[in-house]
Trainee: 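I'd like to ask you about the structure that follows.
Just so we're clear, the structure is a prediction, and the values are computed from it rather than from any experiment.
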Amino acid sequence: MIEVTIKDALLRQSAQEGTDAFVQAFIDAIRQAIHGELTQETMMQLNANQITLLAWDILHEEVMDGGFVQLIHNGYGPFIFKNPFAKAVKLWGLRDLSKLIYEAHTLYLKYHEQIEQDSTDEEFMAMFEQFPAFDDIDDDFVENEEAWTEQIAQYIDEHIEQFAQIEE
């Protein structure tokens with residue numbers, strides 16, 4: 001296992017800045033520990049909670065930027081949908097997020113081959129109109145993102161030792 005560390009002063013500062021900064025401090029610490037490369041090899045050096053947090057970060061960044069179509073098009077579908085991510089966030093207490101991931105998984109299975117194809121920027125932008133089935137799921141994610149981030153922060157706070165070692 002790789003050791004993930006975070007400075008106590010940074011942790012206190014990020015907590016004062018808010019939920020997003022608190023969660024991001026742990027994401028950054030994990031990414032730093034794996035030198036920014038999430039590979040099969042580095043995943044084997046992380047625990048399930050650390051991997052789940054990185055999966056949340058990828059999901060969050062992609063969906064907030066361009067929805068589930070972008071997430072799938074950028075090649076993250078297998079990481080989110082073919083791993084126990086939905087089950088893991090359910091265990092963290094995020095039942096609604098888990099349900100949303102399962103809904104998106106159904107659409108992923110139906111459309112991923114078309115969405116994953118290489119495309120020009122214009123063809124990619126057209127996908128948003130070609131796959132309107134994702135619209136409600138995207139909207140649901142955006143509407144609940146803040147509450148889910150707060151729940152994730154609370155889970156991290158209650159299980160800090162599973163995410164990083166705190167250094168003075």
Side-chain angles (χ1 to χ4, degrees), residues 14 17-44 46 48-156 163:
S14 65
E17 291 175 15
T19 306
D20 291 333
F22 179 78
V23 171
Q24 193 63 49
F26 285 90
I27 292 167
D28 292 346
I30 295 166
R31 287 197 182 278
Q32 183 177 355
I34 60 171
H35 306 291
E37 294 193 32
L38 185 61
T39 64
Q40 193 75 22
E41 185 179 314
T42 58
M43 283 194 337
M44 291 189 310
L46 299 172
N49 280 328
Q50 292 166 330
I51 294 168
T52 300
L53 186 58
L54 291 180
W56 161 257
D57 184 48
I58 290 167
L59 174 74
H60 179 262
E61 292 298 314
E62 293 292 321
V63 175
M64 292 301 286
D65 188 47
F68 280 93
V69 168
Q70 177 176 304
L71 174 109
I72 295 164
H73 183 73
N74 286 344
Y76 294 114
F79 182 56
I80 298 299
F81 301 118
K82 292 186 178 182
N83 284 306
F85 176 67
K87 182 179 180 180
V89 295
K90 184 178 181 182
L91 293 173
W92 284 10
L94 288 95
R95 292 186 186 283
D96 290 341
L97 176 58
S98 179
K99 287 179 190 175
L100 185 82
I101 299 303
Y102 284 122
E103 286 179 47
H105 185 199
T106 300
L107 296 175
Y108 167 77
L109 292 173
K110 188 173 181 178
Y111 298 117
H112 79 94
E113 289 178 5
Q114 295 164 273
I115 296 171
E116 291 170 346
Q117 290 181 10
D118 287 338
S119 63
T120 65
D121 287 343
E122 193 173 289
E123 290 168 334
F124 170 70
M125 294 308 287
M127 286 185 198
F128 293 103
E129 292 185 24
Q130 288 176 301
F131 303 104
F134 288 98
D135 290 350
D136 289 342
I137 296 172
D138 291 344
D139 291 347
D140 194 11
F141 186 92
V142 171
E143 290 170 15
N144 290 288
E145 174 270 336
E146 191 174 310
W148 290 333
T149 302
E150 287 177 19
Q151 288 178 278
I152 290 168
Q154 183 177 351
Y155 185 86
I156 292 169
F163 292 91

Trainee: Working to the nearest 0.5 Å, report the span between CZ of Phe131 and NZ of Lys110.
Mentor: 10.5 Å
Trainee: Taking the side chain as every heavy atom from C-beta outward, state whether Ile34 and Leu38 have any atom pair closer than 4.5 Å.
Mentor: yes
Trainee: Check the angle between the aromatic planes of Phe141 and Phe68 and answer parallel, tilted or perpendicular using the 30° and 60° thresholds.
Mentor: perpendicular
Trainee: Using modelled atom types and a 3.5 Å cut-off, is there a donor and acceptor pairing between side-chain atoms of Asn144 and backbone atoms of Asp140?
Mentor: yes
Trainee: Does Gln32, at its CD atom, have more than 12 non-hydrogen atoms belonging to other residues, nucleotides or ligands within less than 6.0 Å?
Mentor: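 Atom CD in Gln32 is not crowded, with 12 or fewer foreign heavy atoms closer than 6.0 Å.
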Trainee: In Å, rounded to the nearest 0.5 Å, how long is the span from CZ of Arg31 to CG of Leu53?
Mentor: 9.0 Å
Trainee: Taking side chain as C-beta onward, heavy atoms only, is Met127 less than 4.5 Å from Ser119?
Mentor: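 Yes. Closest side-chain heavy atoms under 4.5 Å.
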Trainee: Taking C-beta and beyond as the side chain, do Asn83 and Ile51 meet within less than 4.5 Å on heavy atoms?
Mentor: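 Asn83 vs Ile51: side chains apart.
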Trainee: Tyr155 versus Asn49: any side-chain heavy-atom pair under 4.5 Å?
Mentor: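 Of all side-chain heavy-atom pairs linking Asn49 with Tyr155, at least one is under 4.5 Å.
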Trainee: Side chain of Ser98, backbone of Ala86: donor and acceptor closer than 3.5 Å?
Mentor: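 Yes: the side chain of Ser98 pairs with the backbone of Ala86.
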Trainee: Check the orientation of Trp92 and Phe163. Use parallel for under 30°, tilted for 30 to 60°, and perpendicular for over 60°.
Mentor: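 Perpendicular.
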Trainee: With rounding to the nearest 0.5 Å, note down the distance linking CG in Leu54 to CG in Leu59.
Mentor: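 CG of Leu59 is found 12.5 Å from CG of Leu54.
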Trainee: Which of parallel (below 30°), tilted (30 to 60°) and perpendicular (above 60°) describes His60 and Trp56?
Mentor: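 His60 and Trp56: tilted rings.
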Trainee: Is a side-chain N or O of Thr19 found less than 3.5 angstrom from the main chain of Thr149, in a donor-acceptor match?
Mentor: no
Trainee: Does Trp148 reach the side chain of Asp96, with side-chain heavy atoms less than 4.5 Å apart?
Mentor: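 Trp148 vs Asp96: side chains touch.
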Trainee: Within a strict 4.5 Å, meaning less than it, do heavy atoms of the Val69 and Asp138 side chains meet?
Mentor: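 Val69 does not reach Asp138 side chain to side chain.
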Trainee: For Glu116 and His73, test the side chains for any donor-to-acceptor distance below 3.5 angstrom and give the result as yes or no.
Mentor: no
Trainee: Is any side-chain heavy atom of Phe85 closer than 4.5 Å to one of His105?
Mentor: no
Trainee: Once rounded to the nearest 0.5 Å, what's the spacing between atom CD of Gln70 and atom OH of Tyr76?
Mentor: 9.5 Å
Trainee: How long is the span from the CD atom in Glu62 to the CG atom in Asn74, to the nearest 0.5 Å?
Mentor: 4.5 Å
Trainee: Considering all heavy atoms of both residues, which atom of Ala88 and which atom of Thr52 are nearest to each other, and what is their separation?
Mentor: CB-OG1, 3.4 Å
Trainee: Is atom CE of Met125 surrounded by more than 12 heavy atoms (other residues, nucleotides or ligands) closer than 6.0 Å?
Mentor: no
Trainee: Within a reach of under 6.0 Å around CD of Glu146, are more than 12 heavy atoms found that belong to other residues, nucleotides or ligands?
Mentor: no
Trainee: Apply side-chain contact (heavy atoms from CB on, under 4.5 Å) to Phe134 and Leu71, showing your working.
Mentor: CA-CA 11 Å; Phe134 288 98; Leu71 174 109; over 6 Å; no
Trainee: Apply side-chain contact (heavy atoms from CB on, under 4.5 Å) to the pair Ile30 and Asp57, showing each step before the final yes or no.
Mentor: CA-CA 11 Å; Ile30 295 166; Asp57 184 48; over 6 Å; no
Trainee: Given the rule in the side-chain contact (heavy atoms from CB on, under 4.5 Å) test, do Phe22 and Ile152 qualify, once you have shown the distances and angles that lead to the verdict?
Mentor: CA-CA 10 Å; Phe22 179 78; Ile152 290 168; over 6 Å; no
Trainee: List the steps, then state whether side-chain contact (heavy atoms from CB on, under 4.5 Å) holds for Phe81 with Ile72.
Mentor: CA-CA 10 Å; Phe81 301 118; Ile72 295 164; 4.2 Å; yes
Trainee: Please work out which of the three classes, parallel, tilted or perpendicular, describes the rings of Tyr108 and His112, given edges at 30° and 60°.
Mentor: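 It falls in the parallel class, under 30°.
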Trainee: Quick check: closest heavy atoms across Leu107 and Ala133, and the distance to 0.1 Å?
Mentor: CD1-O, 3.4 Å
Trainee: Has the side chain of Glu129 got a donor or acceptor atom that lies under 3.5 Å from a matching backbone atom of Ala126?
Mentor: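 Side chain of Glu129 to backbone of Ala126, a donor-acceptor pair under 3.5 Å: no, none is there.
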Trainee: Measuring from atom CG of Leu100 to atom CD of Glu143, what distance do you get when rounded to the nearest 0.5 angstrom?
Mentor: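 Output value for this atom pair is 10.5 Å.
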